[in-house]
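Predicted model, so just to flag it, every value in this text is computed and none were measured.
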Amino acid sequence: MADKVAVLVAGSWGTALASVLANNGHEVMIWTRNEGQAEEINTRHTNSRYLPDVELSSRIAAVTDMSVAAENAKAVIIVAPSAAMRQVCADFKPYYREDMLIVHATKGFETESLKRMSTVIAEELGYPEGRIVVLSGPSHAEEVVRKCPTTVVVASQDERGAQAAQDLFMNSYFRVYTNRDQVGVELAGALKNIIALGAGMSDGLGFGDNAKAALLTRGLAEITRAGIDMGANPLTFAGLAGIGDLVVTATSKHSRNWRAGSLLGQGQPLDQVLSTMGMVVEGIRTTKAAYAISSKLNVQMPITEQLYKVLFEQKDVRSAVEALMGRDPKTEMEVMPLKTWEQWHS
């Protein structure tokens, strides 16, 4: 049955998810602050800044009035950049209803508080954090809008909410799995952007496949270490939100984080890279947050540490690589407290 769904905001990923929902027969209203962007979506059925050469469904309407987007919406999909998430949710608060399904698909942290996006949303809306659904996994917007086969995961402590999100999005080209590990799925989606930046730097330096394979493998190890300390199930990091999203983000031409890292590896300064990209590169903010989290939790994240020094302390990229390669010898099989799902949440 067709439902009205509101999407906040009209970036590339928000527009791609709106496209999936429209193709599933839903009435989709996407909110943007930009009147010109709204007019383009409504009259030309394109969003050329974020998804050039893509024609959008006529089922997608764009508005600049959030109350219009929210009115009678069964579900609200929040895809604001991490830096804007709290403000967007604060703006949405007057129109929020308790019966709405709240899904977010933003991969990052609030840098100042080090909070996950679901925590920020819950605080602003007064919505139970455990009921929020997190959508994540290996999914480039550029491929989703062209109906390339894509598989994602929706995670919530509320199984009914996750299943509702699964039903909302799933179709012949967009396969959706459910997961109860909301924290792990959210952390995996955010932290992999750091490793993708590093993979781009490695490619920009011309280090080859051996180096990148090592970076992804050891990057996944430190993501898992941090995730366990923050309450995640370690098995989540072997799934779509973990290794799946890490591989696609660290190897694809569509990845903003990989592209930004590649430019940094080629010697461009950070401010020039951001100017060239013209869009949010979540991995940069996430590196800053994750470095603070690793210090707070006293968890080893050596790749994150070196990337932080490159991004925010002007450390030479090659010197950072030498620091990683020159670390004291370690054993690969680290001791991690593996438990069954029931034990993990008992």
Side-chain angles (χ1 to χ4, degrees), residues 5-9 11 13-14 16-18 20-21 75-82 84-86 88-89 92 96 100-110 113-125 127-139 141 144 150-170 174-193 223-224 226-228 230-246 248-249 282 286 289-290 293 341 344-345:
V5 183
V7 178
L8 321 173
V9 300
W13 191 216
L17 291 176
V20 173
L21 293 165
V76 178
I77 318 302
I78 309 176
V79 205
S82 61
M85 180 63 82
R86 189 173 291 278
V88 167
C89 289
F92 176 64
Y96 154 73
M100 287 174 164
L101 174 67
I102 303 295
V103 181
H104 94 77
T106 298
K107 299 172 181 178
F109 296 93
E110 186 174 57
S113 68
L114 308 181
K115 292 176 179 177
R116 293 177 289 109
M117 292 294 99
S118 58
T119 305
V120 172
I121 295 168
E123 288 179 351
E124 289 300 320
L125 296 185
Y127 191 89
E129 184 174 339
R131 287 180 54 200
I132 293 169
V133 180
V134 180
L135 188 152
S136 193
S139 47
V144 170
T150 301
T151 305
V152 299
V153 59
V154 288
S156 178
Q157 295 173 33
D158 177 7
E159 292 187 43
R160 289 179 300 177
Q163 289 168 0
Q166 183 182 49
D167 292 341
L168 198 66
F169 281 102
M170 189 158 166
F174 199 75
R175 183 168 177 79
V176 184
Y177 288 87
T178 61
N179 189 321
R180 288 172 57 194
D181 185 14
Q182 178 198 56
V183 172
V185 167
E186 199 163 19
L187 291 175
L191 294 172
K192 57 82 189 176
N193 285 332
I223 289 172
T224 305
I228 289 172
M230 296 176 75
N233 185 331
L235 296 178
T236 296
F237 300 97
L240 288 165
I243 194 168
D245 206 5
L246 174 61
V248 79
T249 311
E282 286 285 4
T286 303
I293 289 169
W341 178 253
W344 200 261
H345 286 275

So how far is it from [X] [atom1] to [Y] [atom2], rounded to the nearest 0.5 Å?
X      : Y      : atom1 : atom2 : answer
Leu135 : Ile78  : CG    : CD1   : 12.5 Å
Leu101 : Asp167 : CG    : CG    : 10.0 Å
Ile228 : Leu187 : CD1   : CG    : 11.0 Å
Lys192 : Ser136 : NZ    : OG    : 7.0 Å
Thr106 : Arg116 : OG1   : CZ    : 13.5 Å
Gln157 : Asp181 : CD    : CG    : 9.0 Å

Item to complete: Would you mind telling me which of Leu8, Ile102, Leu168 makes a side-chain contact (heavy atoms from CB on, under 4.5 Å) with Ile77?
Response: Leu168
How far apart are the closest heavy atoms of [X] and [Y], and which atoms are they?
X      : Y      : value
Ala80  : Val88  : CB-CG2, 3.9 Å
Val153 : Ala241 : CG1-CB, 4.0 Å
Met117 : Phe109 : CE-C, 3.5 Å

Worksheet entry | Heavy atoms of other groups near Tyr127 OH, more than 12 under 6.0 Å | yes
Practice prompt. Report, as yes or no, whether the 6.0 Å neighbourhood of atom CD1 on Ile243 holds more than 12 heavy atoms from other residues, nucleotides or ligands.
Written response: no
Worksheet item: Parallel, tilted or perpendicular: which fits the ring planes of Phe174 and Phe169, with parallel below 30° and perpendicular above 60°?
Response: tilted
Ignoring hydrogens and geometry beyond distance, is a side-chain donor-acceptor pair present between [X] and [Y] at under 3.5 Å?
X      : Y      : value
Thr119 : Glu129 : yes
Ser82  : Glu282 : yes
Asn193 : Thr286 : no

So, do [X] and [Y] sit near enough that their side-chain heavy atoms are less than 4.5 Å apart?
X      : Y      : result
Glu159 : Thr178 : no
Met85  : Lys115 : no
Trp13  : Ser139 : yes
Asp245 : Lys107 : yes
Val152 : Arg175 : no

Practice prompt. Applying side-chain contact (heavy atoms from CB on, under 4.5 Å), name anything that partners Asp158, two or more places apart in sequence or on another chain.
Written response: Arg131, Ser156, Arg160
